[in-house]
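Report on one structure; see the data block that follows.
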Amino acid sequence: MRNTRATQPLFELSKPGRRAMRMPAADVPDVPLAELLPESALAATPPELPELAEPDVVRHFTNLSTQNMSVDTHFYPLGSCTMKHNPKRNERLASLPGLLDLHPYQPQETLQGMLALLFELQELLGEIAGLPAVSLQPAAGAHGELASLLIAAAYFRDVDGKRTKVLAPDSAHGTNPASAAVAGFEPVTVKSTPQGFVDLVDLGAKLDNRAAVFMITNPNTLGMYDPNIKRIAEMVHAAGGLIYLDGANMNAILGISRPGDFGADMMHFNCHKTFSGPHGSGGPGAGPIAVSARLAPYLPTPLVERAGGGFRLGYDRPRSIGRVRSFFGNVGILVRAYCYIRTHGPDGLRRVSEHAVLNANYLLSRVKHIFPVPQGDRCMHEFVASAARLKTDKDISAMDIAKRLLDYGFHAPTVYFPPIVREALMIEPTETESKETLDAFAETLFRVTEEPADLLHEAPHTTPVSRPDEVRAARQPVMVWPRESSPDDGAGG
Amino acid sequence: MPFLLNTPDDVRAMLEAIGVGSLDELFAMVPRELRLARELAIPPALTELELTSHLEALARQNVSAKEKACFLGGGSYDHFVPAVVDAIAGRGEFYTSYTPYQAEASQGNLQAFFEYQTLIARLTGMDVANASLYDGATAAAEAVLMSMSATGRRRHVVAAASVHPEYRQTLAAYLKNLGTELTTLATPDGILAPQQLATAVRDDTACVLVQHPNFFGCLENVEKLVHVAHDKGAMFVVVVDPISLGLLKRPGDYDADIVVAEGQSLGNPMSFGGPYLGIMACRERMVRRMPGRIAGQTVDRRGRRCWVLTLQTREQHIRREKATSNICTNQGLLALRALVYLAAAGPQGLREVAELCLRKAHYARTRLAAAGRRLALRFDRPAFKEFVVRSSDASVDDLLAEALDAGFFAGIPLSQWYPELDDCFLVAVTEKRSRAEIDGLATALNRIPRQVTAAHA
């Protein structure tokens, strides 16, 4: 049951004199503040924070939480995001005090269990990647891309000189060209064929002696394994470039096909996707990278190394790019990834991918009768349907369908991505869903397409709000709660 | 398989509906020669019970900050986390949801981001904040990139050596391939001297990066440093400790342009260095150059107040290579924890935490430096919750090893980043440290040095 009083913004709930946290009195001698800090450094007033008692805080945030869809509560087929079940054991184990309450600068002899775990995770990820050297440091997939491109830049400074371009297909995640730009490369787009594969002719034309890296997502963002991947890698390598594998779609090929075996020189994992780290309303992720032997010297510092009978953080790495963040990495998420991999073992990981692909193909077999799926009858772990015909015939857009699905208790697929499919609905069911759920989803999709366009244009109808005015949000941005009075539009729900 | 639902009957029915004979056939599009012909060489599966025993055994091989009195800081702090933070962040509706692409199904997250942005903006005295970045180091690097874009100056930036060394290393890695020169100004007196900054800032300098309180715990002369930077048209980017803002002047009050911080202190566990929370706030005029997610308030089709991701044309999923950053996630769950922490603390609670840190750190400074002749303060300057201690006789490693035996994580050796400070270590004191622990540390550190070999004989 909704409680709109409790979900008023914090500053509306605030009442002077309330508080939820109280600190003990100081047990050290009372020295006047003026003797400890210069007057000029001190704030004139206390920080401007709301004043709330603990029941206020709990009721507010608990009610806010109920306004979210989540994997724990709903089918969440958000393509490319791998919204699989987040095992509860991982949450408990990552919270063991002996793993959680560790300071990053503790003496290494007090960290041997943690370093052993992280060392083993480096080895596990290397084996899954088919690439020998792993850094756990990057904080997310896009951060792994950036770290890898910085590695490529350092590598080419050593061996080659002037390689300034990074190529990526037009179907790539937006992070690929953005990472290339942030890393100081010139991003170049390579065309896809109508089937969504890399256009080899266009690739060949753009592969010159200034091409440093070709970034490829395989399986690609249409959920297709590129049949030419080996040929692509040969072309790029022959031109002196490197292959970067965007590992967003590793959930399709665990134990089935390894990036190192199909030609990748570097890749990232998305631990929060493939290895079930919770998505946490947007993060934290973890984006470990794996690279080939010749790139290993450039990995960020430190790596976990064997030392005597134990483990240490290795800093003596003169060709390293340095570091891409503070401390070691998103360890809490890495611990969950470790738990996930150890829960599954070799057979289990393979079955994860088999069932992810089974569920996606089964759903495809049902959805293709409702929407055209330009890529055809088969997919890997996800597929992209097009609502273009529905848009033309009935003025029903991919967004309309996405919004209406919410009314039926399903999170929407990813819409309008990849950009090469018109009115795209990118659907990734993951392996942790049942046939009944997939059947219900397909039936709902069909039902939605039969509904009147007017009903869909105004959908969703059952959510706390419907069709926020995004144009207004961007033109007259209100990004913080206004100081003086509430905004004129604040009628509340 | 604990997380799979398809029964053998389901699998058969599904394969039939698809029109294939086996699971293997589903992978027909993967060329045979690119398929792994063996099992992955990883250990066999563990049940939950076995996994639990295994992780508990690994955890026992660590010594946690619960077992020693933790005086370690340097960007990661042992602050108290109220239970209400764990209770809220443990709700599956928060931690198993994702980026709010569908606003109607994510109002809880969006409103939480909006409230987080509001509280961070208030705390820092800035106009706006984003919904978080990876950590303090990447937030600092992103802020420098943002200043380069905002000023159009891409050739030169200046950082004080008193900024966290790992933040500067991160920045150096980010700048390496951009051809931007990074000038690092030495801080032999523990802070950056304004006159020295004046000689380093040029007409083409994009920004000055300063930390306040700095890595050594000292308060920088921020007001003067801001003037020096602004005189040359450079931006002032400051790294702050959010807990310190319970007491210290807000960066907006001294005219900082971009404020970044490590948000771990606000309700997040130390977790061996991550995941952490990159805080970023700035002036409204620069918001379109800010990286990261931003939640904005608007109304829905019926005029109801609600929240959406806004200014998305800055972001990679819209603008691709023209985006302000490549960042795709935020640290939503950690931002939520920081929000709940700040909401629970309120103005008085945060001030109390800050005051306790200050008073206890001051007491520890006095005790450590006074108890014997072995230790002295390296920089005798106003400081918040950290300070640098110099050892006059024993090696830092020996001292810290002895203190560990006596039950203390006593400090961080500084030689790894500052060779000239090889006789120094950094001590942090949070509100959790008791007077007894501080006294005990002073005693342990001032004990007559033993031969290390003898100590372990």
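Note on naming: letters A, B, ... go to the chains in the order of the sequence lines (proteins, then strands), and numbering restarts at 1 for each one. Just the heavy atoms: all of them, side chains too, but no hydrogens, waters or symmetry mates, feed the values below.
For B:Lys66, the side chain to side chain donor-acceptor pair (under 3.5 Å) partners two or more places apart in sequence, or in a different chain, are A:Asp101.
Interface summary for chain B: among A:Ala154, A:Pro227, A:Pro460, A:Pro46, the most heavy-atom pairs under 4.5 angstrom belong to A:Pro460. Of the residues considered (A:Val324, A:Ile333, A:Ile321, A:Thr7), A:Val324 shows the highest number of contacts with chain B, using heavy-atom pairs under 4.5 Å. The most heavy-atom pairs under 4.5 Å with chain A, out of B:Ile88, B:Leu72, B:Leu23, come from B:Leu72. In terms of heavy-atom pairs under 4.5 Å with chain A, the best-connected choice from B:Asn109, B:Thr310, B:Ile294, B:Thr99 is B:Asn109. Note: A:Met83 leads A:Glu54, A:Met83, A:Arg350 in heavy-atom pairs under 4.5 Å with chain B. Across B:His362, B:Glu115, B:Arg35, B:Arg302, the residue that shares the most heavy-atom pairs under 4.5 angstrom with chain A is B:Glu115. Put simply, of B:Asp127, B:Ile18, B:Leu333, the one with the most heavy-atom pairs under 4.5 Å next to chain A is B:Ile18. Residue with the most contacts toward chain B among A:Gln112, A:Met114, A:Glu470, A:His143: A:His143 (heavy-atom pairs, distance under 4.5 Å). Contact count versus chain B (heavy atoms, under 4.5 Å) is highest, among A:Ala402, A:Pro278, A:Gly322, for A:Pro278. Chosen from A:Leu150, A:Leu111, A:Leu406, A:Thr73, the residue pairing most often with chain B at heavy-atom distances under 4.5 Å is A:Leu111.
Checked against the 6.0 Å centroid threshold, A:Phe327 and B:Tyr276 count as a close aromatic pair. Annotation: B:Phe409 is not in aromatic contact with A:His103 [ring centroid separation under 6.0 Å not met]. Taking the six-membered ring for Trp and the full ring otherwise, the centers of A:His344 and B:Phe3 sit less than 6.0 Å from each other.
A salt bridge links A:Asp27 and B:Lys360; the closest N-O separation between the charged side-chain nitrogens and carboxylate oxygens is under 4.0 Å. Of the charged side-chain nitrogens involved, at least one lies within less than 4.0 Å of a carboxylate oxygen, so that A:Arg19 and B:Glu352 count as a salt-bridged pair. In summary, A:Lys403 and B:Glu104 engage in a salt bridge, as defined by a charged side-chain N under 4.0 Å from a carboxylate O. With respect to A:Arg325 and B:Asp135, a salt bridge is recorded, a charged nitrogen being found less than 4.0 Å from a carboxylate O.
Of all heavy-atom pairs between A:Pro104 and B:Phe272, the closest is CA-CD1, 3.7 Å. Between B:Ala59 and A:Leu96, the shortest heavy-atom distance links the atoms CB-CD1, 4.2 Å.
The contact between A:Tyr76 and chain B is made entirely by side chain atoms (from C-beta outward), counting heavy-atom distances below 4.5 Å. Neither the backbone nor the side chain of A:Ile253 comes within contact range of chain B; no heavy atoms are under 4.5 Å apart. At a 4.5 Å heavy-atom cutoff, B:Leu400 makes no contact with chain A through either its backbone or its side chain. For a residue to count as touching a neighbouring chain, one of its non-hydrogen atoms must lie under 4.5 Å from one of that chain's; by this rule B:Gln107 touches chain A with backbone and side chain alike. Both the backbone and the side chain of B:Val353 have a heavy atom closer than 4.5 Å to some heavy atom of chain A. In this structure, chain B has heavy atoms under 4.5 Å from both the backbone and the side chain of A:Asp347.
For the residue pair A:Arg323 and B:Gln169, a side-chain donor N or O sits within less than 3.5 Å of a side-chain acceptor on the partner. Side-chain contact, A:Asn86 with B:Thr96: no donor N or O sits under 3.5 Å from an acceptor N or O. Counted by atom type alone, A:Ser466 and B:Arg301 present one or more donor-acceptor pairs between their side chains at under 3.5 Å. Defined by atom type and a distance below 3.5 Å, a donor-acceptor pair is present between the side-chain atoms of A:Asn359 and B:Asn6.
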Residue pair B:Arg359, A:Asp30: steps toward the salt bridge (Lys or Arg N to Asp or Glu O under 4.0 Å) verdict: CA-CA 8 Å; B:Arg359 291 184 189 285; A:Asp30 193 15; 3.3 Å; yes
Apply salt bridge (Lys or Arg N to Asp or Glu O under 4.0 Å) to B:Arg250 and A:Glu48, showing your working. CA-CA 10 Å; B:Arg250 302 173 307 173; A:Glu48 231 182 306; 3.4 Å; yes
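For the pair B:Arg122 and A:Phe11, the cation-pi test (distance below 6.0 Å, angle within 45°) is passed.
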